[in-house]
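Have a look at the structure below, then the notes.
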Amino acid sequence: MSSRDEDGRDTVREFRDAVNMNPGELGKWLATDDSKAVGWRRRGSGGGESVGHESGRRIIDLLRKRANQFTDRDFAHMRKVVGYVRRHMAQRPAGDVRNTKWRYSLMNWGHDPLKAPLPAVGGPSRKALQRHRETERTSDRNRRR
């Protein structure tokens, strides 16, 4: 196994951890006015689509691809998404974030902060943590019997 294969697997794992919305959820979100109202627009875009909104459309495509179909550009975008989500999660505002531009911007990038928290960098994946919790619950139930 080459280190490039391992890097690709790590990138996909981190991307899938950062993006906690499925293609259907993300597509519905991107169609809303709140989604279109947030985010940075490139200079000269004439008030067009924000960078995050454009990224959201690309994320939907990536979520629908098989791992063996990813290109170098896909991996680069996945790393960009992971970086964005991690940076912005670190800037979480105080209080209820339910109806904030901060949350809406993250959702454009495929991450709803009201769902499960983002795993630590280099730590176990969200799915691994979920499997671990399910195993603990099963063990607890078996001990009570």
Side-chain angles (χ1 to χ4, degrees), residues 1-140:
M1 180 184 323
S2 73
S3 70
R4 184 169 186 218
D5 291 341
E6 289 175 26
D7 290 344
R9 272 198 294 272
D10 289 344
T11 298
V12 171
R13 180 182 60 83
E14 289 177 358
F15 173 76
R16 295 192 193 274
D17 284 344
V19 175
N20 65 3
M21 297 172 75
N22 66 44
E25 290 173 313
L26 185 51
K28 283 181 185 176
W29 165 250
L30 293 174
T32 67
D33 290 338
D34 286 334
S35 169
K36 295 172 186 170
V38 297
W40 179 80
R41 285 156 175 73
R42 289 186 176 89
R43 189 180 311 186
S45 70
E49 184 178 37
S50 72
V51 172
H53 198 273
E54 181 182 334
S55 176
R57 289 185 301 104
R58 181 123 189 248
I59 290 166
I60 290 171
D61 293 338
L62 291 172
L63 291 172
R64 290 183 172 151
K65 278 188 173 185
R66 289 193 190 117
N68 64 354
Q69 297 174 313
F70 294 135
T71 66
D72 288 342
R73 284 188 65 221
D74 292 337
F75 287 121
H77 192 72
M78 286 182 210
R79 287 188 292 273
K80 183 177 182 177
V81 170
V82 169
Y84 180 89
V85 170
R86 289 199 183 282
R87 278 191 315 279
H88 285 269
M89 285 297 289
Q91 299 169 358
R92 183 184 183 106
D96 184 9
V97 297
R98 193 171 324 274
N99 297 310
T100 61
K101 288 184 177 184
W102 175 82
R103 176 181 177 226
Y104 296 165
S105 182
L106 274 165
M107 288 174 69
N108 279 353
W109 289 79
H111 183 82
D112 184 350
L114 298 183
K115 288 187 172 189
L118 191 61
V121 176
S125 71
R126 180 176 281 117
K127 285 184 180 177
L129 292 170
Q130 190 174 15
R131 280 192 310 270
H132 178 72
R133 283 191 292 271
E134 289 168 4
T135 303
E136 285 180 338
R137 280 188 221 124
T138 303
S139 296
D140 289 344

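Numbers here are sequence positions counted from 1.
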* Asked: For V85, does its backbone N or O pair with a side-chain atom of R87 as donor and acceptor, under 3.5 Å?
  ->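 Checked: no pair found.
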* Are the side chain of Q69 and the backbone N or O of R66 linked by a donor-acceptor pair below 3.5 Å? ->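 Answer holds: yes.
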Heavy atoms only: give me the nearest [X]-[Y] pair and the separation to one decimal.
X   : Y    : answer
L26 : N108 : CD1-O, 4.2 Å
L30 : G56  : CD1-C, 3.5 Å
G48 : R41  : O-NE, 2.7 Å

How many angstroms lie between [atom1] in [X] and [atom2] in [Y], if you round to the nearest 0.5 Å?
X    : Y    : atom1 : atom2 : value
N20  : D112 : CG    : CG    : 6.0 Å
T11  : R16  : OG1   : CZ    : 12.0 Å
L114 : R103 : CG    : CZ    : 4.0 Å

Do [X] and [Y] have side-chain heavy atoms sitting under 4.5 Å apart?
X    : Y    : answer
V12  : F75  : yes
V51  : E54  : no
M107 : S35  : no
S105 : W40  : no
V19  : L63  : yes
M21  : H111 : no

* Using the test ring-ring contact (aromatic ring centres under 6.0 Å, His included), find all partners of Y84 that sit at least two apart in sequence or belong to another chain. =>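 Result, ring-ring contact (aromatic ring centres under 6.0 Å, His included) vs Y84: H88, W109.
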* Asked: Which residues pass the ring-ring contact (aromatic ring centres under 6.0 Å, His included) test with H53, sequence neighbours left out?
  ->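 Residues passing ring-ring contact (aromatic ring centres under 6.0 Å, His included) with H53: none at all.
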* Residues in side-chain hydrogen bond (donor to acceptor under 3.5 Å, both in side chains) contact with S55, at least two apart in sequence or another chain ->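 Partners of S55 by the side-chain hydrogen bond (donor to acceptor under 3.5 Å, both in side chains) criterion, ordered by chain and then number, come out as H77.
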With sequence neighbours excluded, tell me which residues meet salt bridge (charged side-chain N to carboxylate O under 4.0 Å, His left out) with [X].
X   : result
K65 : D74
D96 : R98
R57 : E49

* To do: Can you sort out the partners of D34 under side-chain contact (heavy atoms from CB on, under 4.5 Å), two or more places apart, ordered by chain and number?
  =>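 Only W29, T32, Y104 meet the side-chain contact (heavy atoms from CB on, under 4.5 Å) criterion with D34.
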* To do: Show the numbers, then the answer: is there a side-chain contact (heavy atoms from CB on, under 4.5 Å) between F70 and M78?
  => CA-CA 10 Å; F70 294 135; M78 286 182 210; 3.4 Å; yes
* To do: Give a yes or no on whether D33 atom CG has more than 12 heavy-atom contacts from other residues, nucleotides or ligands under 6.0 Å away.
  =>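 Not more than 12 within 6.0 Å, no.
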* To do: For K101, look at atom NZ and say whether over 12 heavy atoms of other residues, nucleotides or ligands are found less than 6.0 Å away.
  =>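 Open.
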* Asked: Hey, are K115 and E25 close enough for a salt bridge, meaning a charged N less than 4.0 Å from a carboxylate O?
  ->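 The answer is yes: the pair qualifies as a salt bridge.
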